[in-house]
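These notes are about the structure you will find just below.
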Amino acid sequence: MSATATPDAPAGAAPSSDSASGLPRLRPYQAAVARAVLERVVGGEGGSISVQIARQGGKNELSAQLELVLLLIRQRAGGTIVKCAPTFEPQAAISRDRLLARANGARLGAIVRREGAASVRCGRAAARFLSAGPGASVLGHTADLLLEVDEAQEVPAEKFDRDFRPMAASTNAPVVFYGTPWGPRSLLAQAEAAHREAERADGRRRCFRFDWEHVAAHNPPYGAYVEEERRRLGERHPLFRTQYLLEELHEQDRLLDGAALAQIEGAHERRRTPLRGERYVAGLDLAGPALEGGRIAEQHDWTVLTIARVRAGSGDRAGLPLLEIVEHQAWQGVPAGELLDALADRLARVWRVRRVVVDATGLGGPVADLLARRLPAGRVVPFTFTAERKSQLGFGLLAAVHSGRLRLYRVDGSREAAECRVQLERARAAYGERGQTQFSVDPSEGHDDYLMSLALAVHAARDEGGSRTARGRTPADAIEAVAA
């Protein structure tokens, strides 16, 4: 394995290959990890290392080439590599297919072949690709060459300790934890902490960490790609911090720090009516309704409507639209029929919104349906809160804030302006497992209806001017630019 390029980079970064082997060359930082792993395998040393490489920086290429080399050198003696991932489809299967592609590229397809759904075999040596999902049955496998953990920050620590760690025990096979940071209790974070302690004791390197700037130093097109992501998401967005800066997140933290709160303060005036020729979208957070005789009666909490003006983006916003919050309207204790009349009139006749995203969770569903009948077709978009969808909503809000694309109307002394800012200041983000975040205001500190309405308004602008927001990495995909 030689060093200088890999195809894990974004489009436009052409990989070079080693003409002798037919394999893409590994860059120096990848080669350093490969040497460390091979030294442990060949020397029968066991132990473990952790590898954090910025997203799309070549971690999967490194793993595939390591697997291919081990299969080739042990094809007669035999042995098994086990690689686990948070899911089999698509994550483990992608790793399996990458290994086969590298073998075919090196003209080794005649001896390195797929064996069933989860294995690749070369002579008496094999690589097995397994799911580390909570319900996956994986007992009976042995990793006598190498045990790899892909996206270790998403693999449940208890699942790994119970089902996978013993696979390498009888043979003292090395363990490699791959991934990018998330919270401090993840399997990857636990492994890295143990490795740091061991490094302090004997000086031998076990932690390999290469952020996006390190990768870009060897691949300039990758650097241009990440710079675009930084403009789109903002450098303090949780996804950028974890996937590219390799920063660990606190489990419970403020959703917006002081700098972000200052960043969203706008200089424009609040508006009670729209400007001719401008585009408007809205977010509607519905209060929890009461029922009388099986019918929706009245609202007990606040129903909050946020109106946003969508303006063309430019400069540092890389063409993404600027969202200017121009109005808040709130109702409490208003009968459902009266509330629907007011909402329909203001959204359709006054503001002529292009889209309003409505909280349709639970009893909000019937209200969203009734409102949809009052507005032109396609204008009302119901949004049902689940843990995953709320996480996507939060990441979209953070992307708009940290990229400088969201502005509040200037403080005007109103209760609405003050309450919105109080909720944004008090909002907290909880960064849980599997790359998700939840955000809210602790009930002991107040409400979060303005916060949710604002997030829904940002969501409503997802198709305006080509806007893209971000969602957290899930087992099925890495960080992507998606409409959310």
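Ion pairing between a basic and an acidic side chain is recognised when a charged N comes within 4.0 Å of a carboxylate O; Asp448 and Arg426 show no such pairing. Here Glu39 does not pair with Arg35 in a salt bridge; the nearest charged N to carboxylate O distance is not below 4.0 Å. Salt-bridge formation is not detected for the pair Arg102/Glu67: no Lys NZ or Arg NE/NH1/NH2 atom is positioned less than 4.0 Å from an Asp or Glu carboxylate oxygen. Salt bridge status for Glu151 with Arg55: present, with a side-chain N to carboxylate O gap under 4.0 Å.
Side-chain N/O atoms of Tyr178 and Glu148 include a donor and acceptor closer than 3.5 Å. Looking at Ser95 and Gln91, their side chains never bring a donor and an acceptor atom within 3.5 Å of each other. Of the N and O atoms on the side chains of Arg232 and Ser403, not one donor lies less than 3.5 Å from an acceptor on the other residue. No side-chain N or O of Asp144 forms a donor-acceptor pair with one of Thr142 less than 3.5 Å apart.
To the nearest 0.5 Å, the span separating OG on Ser186 from CD on Glu248 amounts to 6.5 Å. The distance from the OG1 atom of Thr437 to the CG atom of Leu393 is 11.0 Å, given to the nearest 0.5 Å.
The shortest distance between side-chain heavy atoms of Leu108 and Leu71 does not fall below 4.5 Å.
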Steps toward salt bridge (charged side-chain N to carboxylate O under 4.0 Å, His left out) verdict (Glu247, Arg236) | CA-CA 10 Å; Glu247 293 182 5; Arg236 302 314 298 163; 3.2 Å; yes

Show your reasoning for whether side-chain contact (heavy atoms from CB on, under 4.5 Å) applies to Leu397 and Leu406.
-> CA-CA 9 Å; Leu397 174 61; Leu406 181 64; 3.9 Å; yes

side-chain contact (heavy atoms from CB on, under 4.5 Å) evaluation trace for Gln243 with His237 | CA-CA 10 Å; Gln243 311 259 329; His237 192 288; over 6 Å; no

Run the numbers on Leu246 and Thr180 for side-chain contact (heavy atoms from CB on, under 4.5 Å), then give the verdict.
-> CA-CA 6 Å; Leu246 304 184; Thr180 53; 4.0 Å; yes

Start with the C-alpha distance between Thr306 and Leu456, add both sets of side-chain angles, then the distance that settles side-chain contact (heavy atoms from CB on, under 4.5 Å), and finish with yes or no.
-> CA-CA 8 Å; Thr306 299; Leu456 291 169; over 6 Å; no

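Ring pair Tyr29/Phe210 is tilted by interplanar angle, where 30° to 60° counts as tilted. Using bins of under 30°, 30° to 60° and over 60° for the plane-to-plane angle, the ring pair Tyr244/Tyr225 lands in the perpendicular bin.
Each of Arg230, His402, Arg241 was checked for a side chain to side chain donor-acceptor pair (under 3.5 Å) with Glu235, and the lone residue meeting it is Arg230. When Phe395, Trp182, Phe439 are each tested for a ring pair (Phe, Tyr, Trp, His ring centres under 6.0 Å) with Tyr431, only one passes: Trp182.
The number of heavy-atom neighbours closer than 6.0 Å to CD of Glu265, taken from other residues, nucleotides and ligands shown, is above 12. Counting heavy atoms of neighbouring residues, nucleotides and ligands inside a 6.0 Å radius, atom CZ of Arg124 does not exceed 12 of them.
Judged by distance alone, with hydrogens and angles left aside, the side-chain atoms of Gln436 form no donor-acceptor pair with the main-chain N or O of Ser391 at under 3.5 Å. The main-chain N or O of Gly183 is never found under 3.5 Å from a side-chain atom of Gln153 such that the two would form a donor-acceptor pair. With hydrogens and angles disregarded, no donor-acceptor distance shorter than 3.5 Å links the side chain of Asp97 to the backbone of Leu100. Remark: the backbone N or O of Asp442 is not paired with any side-chain donor or acceptor of Glu445 at under 3.5 angstrom. Using a distance-only test at 3.5 Å, with no hydrogens or angles considered, no donor-acceptor pair links the side chain of Arg204 to the main chain of Glu199. Between the side chain of Arg205 and the main chain of Cys207, a donor-acceptor pair closer than 3.5 Å is present.
Residues in residues 144-165 take part in these ring-ring contact (aromatic ring centres under 6.0 Å, His included) pairs, two or more places apart or across chains: Phe160-Phe177.
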